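Notes for the one structure printed next.
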2 protein chains.
Amino acid sequence: MGTTMKDVARHAGVSVGTVSRYINGYRLKEINMKKVKMAIEELGFKENIIAKGLKNKRSMTIGVVIASLTDIFSTTIVTSLEKTIEKENYSMMLCDYNCNLDRLHRKIMFLQDRMVDGVVLFAGNENKEDVRRLMNNEIPVVVIDSNIEGIETDRVNVDNVGASFRATEKLIHSGHERIAVINGTKGDFIAEERLQGYISALNTYDITINDEYIRYGNYSSIGGYNCLMELLECKSPPTSVFITNYYMTIGAITAINELDIKIPRHLSLICFDRFEIMDVIKPSLTFIEQPTDRIGEMAGRILLKRIKGDMSQFPMDMRINTRMVMGKSIAPPGVTDH
Amino acid sequence: MGTTMKDVARHAGVSVGTVSRYINGYRLKEINMKKVKMAIEELGFKENIIAKGLKNKRSMTIGVVIASLTDIFSTTIVTSLEKTIEKENYSMMLCDYNCNLDRLHRKIMFLQDRMVDGVVLFAGNENKEDVRRLMNNEIPVVVIDSNIEGIETDRVNVDNVGASFRATEKLIHSGHERIAVINGTKGDFIAEERLQGYISALNTYDITINDEYIRYGNYSSIGGYNCLMELLECKSPPTSVFITNYYMTIGAITAINELDIKIPRHLSLICFDRFEIMDVIKPSLTFIEQPTDRIGEMAGRILLKRIKGDMSQFPMDMRINTRMVMGKSIAPPGVTDH
DNA sequence: AAATTAAATTGAAACGTTATAATTTTGAGG
DNA sequence: CCTCAAAATTATAACGTTTCAATTTAATTT
């Protein structure tokens, strides 16, 4: 280790320039090619990406900022994002900021100091100044699951409105009218979109909107648990619930178990996101699957494209379709099994 | 952006060397200090970590390899690891390899190419050749939750044997003798240690070991679900179960709910790891909490120490104590509530 | 076979830092 | 005010690449 291109050049009897050209895939005479190749193998040469980065002002690294490393939805997307960028020899610096905006700011600064070639931001990172600075420095930014108002960036989102519409519609089609929603965080981009889909479905089918049925669980399991408990304490409790994320679903199911409510006999359920425990829950849940693979891949592809300087179709507003997976958690209201 | 030390030097009317010395905190004359400081502010100079890295052969980056970004236990540790290293201005390249050994190899190569100053490996990364290569290249390695046989590395583990002993003992103390264990993956370092604690507790209290009560759930919720189902189908089912990780606990609880078994009336439970849904499960579970904060912090501290060249007490075998958190999931066997 | 063109290679100057030897400035002592 | 040491600063050579003008080598044409 520690062998440089200079060593390789000497060993092969050519100049460093030639070695460089070999490394970067430019054509050179057969004979030199062989000599260089052998020298590299014999010396175990590995190029120094740092020196390379200094020269071409590229770090071959992208920065990824998520709210929390422990949020499985984000990390699943990141996994596929990484798979996409590593194909082009990029690596990733992954940061979380644990909902601390100051920390978020520091992280973005940090990535910029590290000369990342591009940045992927996840929902909630609405630190406009930082984003603006990145873009002024010509560091492309792709935003996932969000939309930074007032700043034009490429973004990748699922079709939240459509998905929620169809989820709600699904409940309506099986006869429900008392349909509740356990939504994320009030005002949040995703939550607003999902709410819009829900409302629009109810409107379409002329069902009156009952504010009591609209709850916010802050994307957490404890939130989901509490919302479900509260919903069932309404004078006229819902016969079905639409839950807009993974953690809240876990919480709601825990509440349901505790209350000894049977699904779908007493309550129909449709939720967002596939998660591991799903395979194991009985009855199987009907849910909307967000194609995390595709989200990560798209984000990666767009970012790489921008990094290469291709600014066509900027800003892209990529909308990814979801898929509804049918389980057995929905039945007509007020019907007993037999 | 784009301004270099040269620009600062010119603007301040000093040489680049002086600017460098300012940046790195060496003493210089008051007057020059002020001039440089002003110039930096006026030009918005930011040092180029890449160039710096090239010169001092340090990337100020550590590599972290975990099995999967979606494994919450690992990512929780990584979160605190990151907090530790960022205090000293290090950043982290986080990789997962999704149980693909070839991918693991590539990742480690990758980190080495990126000139990381140190590496943290999580359980299962027993790619001896790669680890050896890292160490030969004087890149310090800290291993978490594992022990690479035949290679001396610093490592950080919880006291698995002790924790499992006490967990099992706890069940024994409340009168159980038919105690099952749902363990991770057979042969795995952690699983073996936890099994050892279990066996040793039974031996200590003269309880015969029943092989039927020892199950492997591969750390997955589906595994935990299946194990629990199987255990209850024994001719003489256990009255209590010790579950050695988070995901398997989730699976087991799902099975328990499905079978309408009441805890702790029909079955006592003790498990490993705190997780979000825990706050919400009734009855509250008794569990062993692994101090993920401390694990990450220790790993970070040891690695930084090695990076600084301090090899004292090498190889460290750090054992972190766990804590038992009392819930209401344990009761004497065969006793009904009232 | 000479002349022309094309292709391949070389050598040296960058990239933005740090380290070091050489130089200048400062300050104390006589 | 000169000398000499100590302190501070400067200029320059690295670090390991890439790039580009200049040069050499090879291929083609006449």
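Everything numeric here is computed off the predicted structure, so don't read it as measured data. Each chain gets a letter, A, B and so on, in the order its sequence line appears, and its residues count up from 1.
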Subject >> Contact state string [nucleotides 14-20 of chain D, B base, S sugar-phosphate only, - no protein heavy atom under 4.0 Å] >> reply: BBBBBB-
When rounded to the nearest 0.5 angstrom, what distance separates [atom1] in [X] from [atom2] in [Y]?
X       : Y       : atom1 : atom2 : result
I50(B)  : M115(A) : CD1   : CE    : 5.5 Å
L121(A) : I66(A)  : CG    : CD1   : 11.5 Å
L134(A) : M109(A) : CG    : CE    : 9.5 Å

[N] [atom2] sits how many Å from [X] [atom1], rounded?
X       : N       : atom1 : atom2 : answer
M33(A)  : dA7(C)  : CE    : P     : 17 Å
D7(B)   : dG16(C) : CG    : P     : 8 Å
R10(A)  : dG11(C) : CZ    : P     : 13 Å
L28(A)  : dT25(D) : CG    : P     : 16 Å
D113(A) : dT17(C) : CG    : P     : 11 Å
R27(A)  : dA6(C)  : CZ    : P     : 14 Å
R58(A)  : dG16(C) : CZ    : P     : 16 Å

Name the pairs: protein N/O against N/O of nucleotides 24-27 of chain C, kept only if under 3.5 Å.
none

What side-chain donor-acceptor pairs closer than 3.5 Å can you find for residues 33-41 of chain B, not counting sequence neighbours?
none

Original post:
Would you say the side chain of P140(B) lies within less than 4.5 Å of the side chain of M311(B), judging by non-hydrogen atoms?
Top reply: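 The answer is no; the side chains never approach within 4.5 Å.
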Subject >> K46(A)/D113(B) salt bridge by N-O under 4.0 Å criterion >> reply: yes
Original post:
Salt bridge between D96(B) and R103(B), side-chain N to carboxylate O under 4.0 Å?
Top reply: yes
Subject >> Side-chain donor/acceptor of T76(B) to backbone N/O of I72(B), under 3.5 Å >> reply: yes
**OP:** Indicate whether any N or O donor in one side chain lies under 3.5 Å from an N or O acceptor in the other, for D71(A) and Y219(A).
**Re:** no
**OP:** Verify the contact: side-chain N or O of T18(A) to OP1 or OP2 of dT10(C), cut-off strictly under 4.0 Å; return yes or no.
**Re:** yes
